[in-house]
2 protein chains.
Amino acid sequence: MDVRSQILHEATRLFAAQGFDGTSVQQIADAVGIRKPSLLYHFASKDALRLSVLDAIMTHFNQVLPEVLLAAARDRRFDSVMESLSSFFLEDPDRARLLVRELLDRPDDMKQRLREFVRPWIQVVADQLERAKGPGMVQKDVDTQAYAIQVLLAVVGSVALHDTLGAMLPEGAAKDDANRRAVGELIRIARTSLYTGARGPQGT
Amino acid sequence: MDVRSQILHEATRLFAAQGFDGTSVQQIADAVGIRKPSLLYHFASKDALRLSVLDAIMTHFNQVLPEVLLAAARDRRFDSVMESLSSFFLEDPDRARLLVRELLDRPDDMKQRLREFVRPWIQVVADQLERAKGPGMVQKDVDTQAYAIQVLLAVVGSVALHDTLGAMLPEGAAKDDANRRAVGELIRIARTSLYTGARGPQGT
DNA sequence: CCTACCGATCGGTAGG
DNA sequence: CCTACCGATCGGTAGG
């Protein structure tokens with residue numbers, strides 16, 4: 001792996017764990033195994049590095065999300081869409097943590113990014129759900145836009161904080177088990193509150 | 001208001017907006033209108049100030065939450081419990097933002113706090129819901145513990161990020177309206193995914 | 001990619 | 001609650 005990618009990787013990891021202000025350029029350079037000025041040769045400034053890290057995540061997001069959502073639009077496999085979305089973040093929880101941190105640290109910047117990259121997809125999903133109200137498949141009183149946003153937030157939030165939130169379950173529970181229960185219940189909540197009928201199209 | 005309270009207030013505001021590492025003692029002192037060493041006379045260190053801020057929130061939380069939850073246990077007014085919980089955080093969104101930041105910044109410390117202060121209440125709610133499965137009021141396949149945690153996270157998360165997430169709604173929407181829709185849909189999702197029957201005990 | 005170095009700011013202390 | 005000051009670390013630059 002080339003140095004640039006190593007820097008991006010370590011920066012992502014440290015920004016996610018400690019935040020941008022809580023991480024020094026020195027720490028990242030140490031993690032990569034180079035000197036600080038060498039890092040600043042590859043990225044003009046600490047802020048340029050932050051933007052590159054964020055860009056890598058958003059790009060990946062926009063390459064993966066479309067196919068996931070198109071699968072939803074095609075055959076309404078609600079659970080599989082939710083699993084894919086969860087998997088994308090569970091695969092590397094740092095992505096979720098970093099997004100939440102950016103939303104808190106730079107709300108105005110993130111508003112623009114959300115408008116540009118996420119809102120269109122929220123709208124696609126909302127339109128799809130709105131049409132499904134006609135045949136009575138989706139409950140009439142669902143606020144489809146607000147619903148899509150809440151579900152997305154719940155997925156990102158519960159992945160970002162999943163190991164910490166597991167502390168609220170009884171002692172014995174294994175960490176992996178806590179994750180599975182969290183995602184499982186989240187999917188059940190999202191499905192049950194959307195479709196008509198006892199448990200939606202995939203219920204038993 | 002005495003100086004100590006002013007310091008706590010400004011620290012809460014700044015930590016919530018910029019994070020602990022992103023806020024200097026100097027900035028807080030400036031906001032209060034005193035010199036930095038004067039602030040450090042009232043709080044032995046920056047970290048002691050952080051602990052005091054967190055303590056004030058957790059204390060308030062533990063004074064308000066019990067009555068809210070007891071109201072729930074008594075007459076199952078689901079919506080009113082959700083409104084109270086939302087209101088507690090909406091009343092001062094800095095509380096929600098600060099909690100999310102602490103969960104990200106110091107997961108191990110927060111695990112202990114959650115175990116001590118929040119887990120008992122999660123358990124009370126889960127037990128209550130579990131009992132309600134008997135008469136068939138609550139859906140049998142609800143994972144009551146995971147459900148309670150997910151709903152709490154969704155409330156805290158959507159309040160912490162509500163003005164930023166509003167950017168995903170269409171242009172025209174007013175900010176207050178976005179908040180109302182977010183909370184309203186969150187309550188609908190939580191209620192519908194819990195109770196048996198089309199819309200739960202308070203549906204139309 | 002390195003050594004050597006910069007001014008600014010950090011949290012905190014001495015002493016009144 | 002203040003003035004004056006501390007060593008350490010910050011992001012970043014010069015020059016090779």
Side-chain angles (χ1 to χ4, degrees), chain A residues 1-57 94 97-98 101-110, chain B residues 1-57 94 97-98 101-110:
Chain A
M1 192 162 50
D2 65 327
V3 188
R4 225 188 117 89
S5 307
Q6 277 186 62
I7 295 173
L8 279 173
H9 177 253
E10 296 298 336
T12 303
R13 193 176 58 80
L14 288 166
F15 288 162
Q18 312 178 341
F20 181 74
D21 290 314
T23 304
S24 64
V25 174
Q26 185 70 64
Q27 277 183 303
I28 303 169
D30 286 350
V32 175
I34 58 175
R35 307 289 173 185
K36 187 174 60 166
S38 309
L39 189 154
L40 290 167
Y41 161 79
H42 292 285
F43 296 90
S45 67
K46 191 189 179 186
D47 206 63
L49 176 54
R50 178 183 67 80
L51 289 173
S52 294
V53 164
L54 209 57
D55 223 60
I57 292 177
D94 284 345
R97 281 189 269 268
L98 217 125
R101 282 191 186 278
E102 278 309 299
L103 286 166
L104 287 167
D105 288 347
R106 272 162 287 273
D108 291 336
D109 289 19
M110 284 303 278
Chain B
M1 192 162 51
D2 65 327
V3 189
R4 226 189 116 89
S5 308
Q6 278 185 63
I7 295 172
L8 278 173
H9 178 253
E10 297 297 337
T12 303
R13 195 175 58 80
L14 289 166
F15 288 162
Q18 312 176 342
F20 181 75
D21 290 314
T23 304
S24 64
V25 174
Q26 185 69 63
Q27 276 183 304
I28 302 168
D30 287 350
V32 175
I34 59 175
R35 306 290 172 182
K36 187 174 58 166
S38 309
L39 188 154
L40 290 168
Y41 162 77
H42 292 284
F43 295 89
S45 67
K46 192 189 179 187
D47 205 63
L49 176 55
R50 179 182 67 81
L51 289 173
S52 294
V53 164
L54 208 56
D55 222 61
I57 291 178
D94 283 345
R97 281 188 269 268
L98 217 125
R101 283 191 186 278
E102 277 311 297
L103 287 167
L104 288 168
D105 288 348
R106 273 162 287 272
D108 291 335
D109 289 20
M110 283 305 276

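Residue numbers begin at 1 in each chain, while the letters A, B, ... track the order of the sequences.
Between A/T23 atom OG1 and A/I28 atom CD1 the span is 6.0 Å, to the nearest 0.5 Å. Interatomic distance, NZ of A/K46 versus CG of A/L49, reported as 9.0 Å (0.5 Å rounding). The distance from atom OG of B/S24 to atom NZ of B/K36, rounded to the nearest 0.5 Å, is 8.0 Å. B/R106 contributes atom CZ, which lies 11.0 Å from atom CD of A/Q18 (distance to the nearest 0.5 angstrom). Here the straight-line distance linking atom CD of B/Q27 with atom CG of B/D30 works out to 8.0 Å at 0.5 Å rounding. Here B/M110 contributes atom CE and B/D108 contributes atom CG; the two are 11.5 Å apart, rounded to the nearest 0.5 Å.
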Just the table, please: protein N/O against nucleotides 14-16 of chain C N/O, every pair under 3.5 Å.
none

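Remark: C1' of D/dT3 and OH of B/Y41 are 17 Å apart, rounded to the nearest angstrom. Put simply, CG on B/L49 is 10 Å from P on C/dG12, counting in whole angstrom units. Straight-line distance from the CG atom of A/D30 to the P atom of D/dG11: 12 Å, rounded to whole Å. Rounded to whole angstrom, the span from the CG atom of B/L39 across to the C1' atom of D/dT3 amounts to 17 Å. Residue B/F43 contributes atom CZ, which lies 11 Å from atom P of D/dC1 at whole-angstrom precision. A straight line from CZ of B/R35 to P of C/dT13 spans 20 Å, rounded to a whole angstrom.
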| task | Might you work through the side-chain contact (heavy atoms from CB on, under 4.5 Å) test for A/E102 and A/D109, ending with a clear yes or no? | result | CA-CA 9 Å; A/E102 278 309 299; A/D109 289 19; 5.9 Å; no
| task | Under the side-chain contact (heavy atoms from CB on, under 4.5 Å) rule, what do B/L8 and B/F43 come out as? Steps first, then yes or no, please. | result | CA-CA 10 Å; B/L8 278 173; B/F43 295 89; 3.9 Å; yes
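Residue B/L40 is classed as a base contact, given a heavy-atom separation below 4.0 Å to a base.
Between A/R50 and A/D21 there is no salt bridge, since no side-chain N of the basic residue sits under 4.0 Å from a carboxylate O of the acidic one. The pair B/D94-B/R101 does not count as a salt bridge, with every side-chain nitrogen at least 4.0 angstrom from each carboxylate oxygen.
Checking C/dG11, C/dC1, D/dG11 against every side-chain atom of A/K46, the shortest atom distance belongs to D/dG11. Nearest to the side-chain atoms of B/K36 among the listed nucleotides D/dC2, C/dC2, C/dG11 stands C/dG11.
Of all the residues in residues 20-28 of chain A, A/T23, A/S24, A/V25 reach under 4.0 Å from DNA chain D with at least one non-hydrogen atom.
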| message | Show me the dot-bracket string of DNA chain C, counting Watson-Crick or G-U pairs under 3.5 Å, with | for pairs to another strand and [ ] for crossing ones. | response | ||||||||||||||||
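When all heavy atoms of A/A29 and A/L39 are compared, the closest pair comes out as N-CD1, 3.7 Å.
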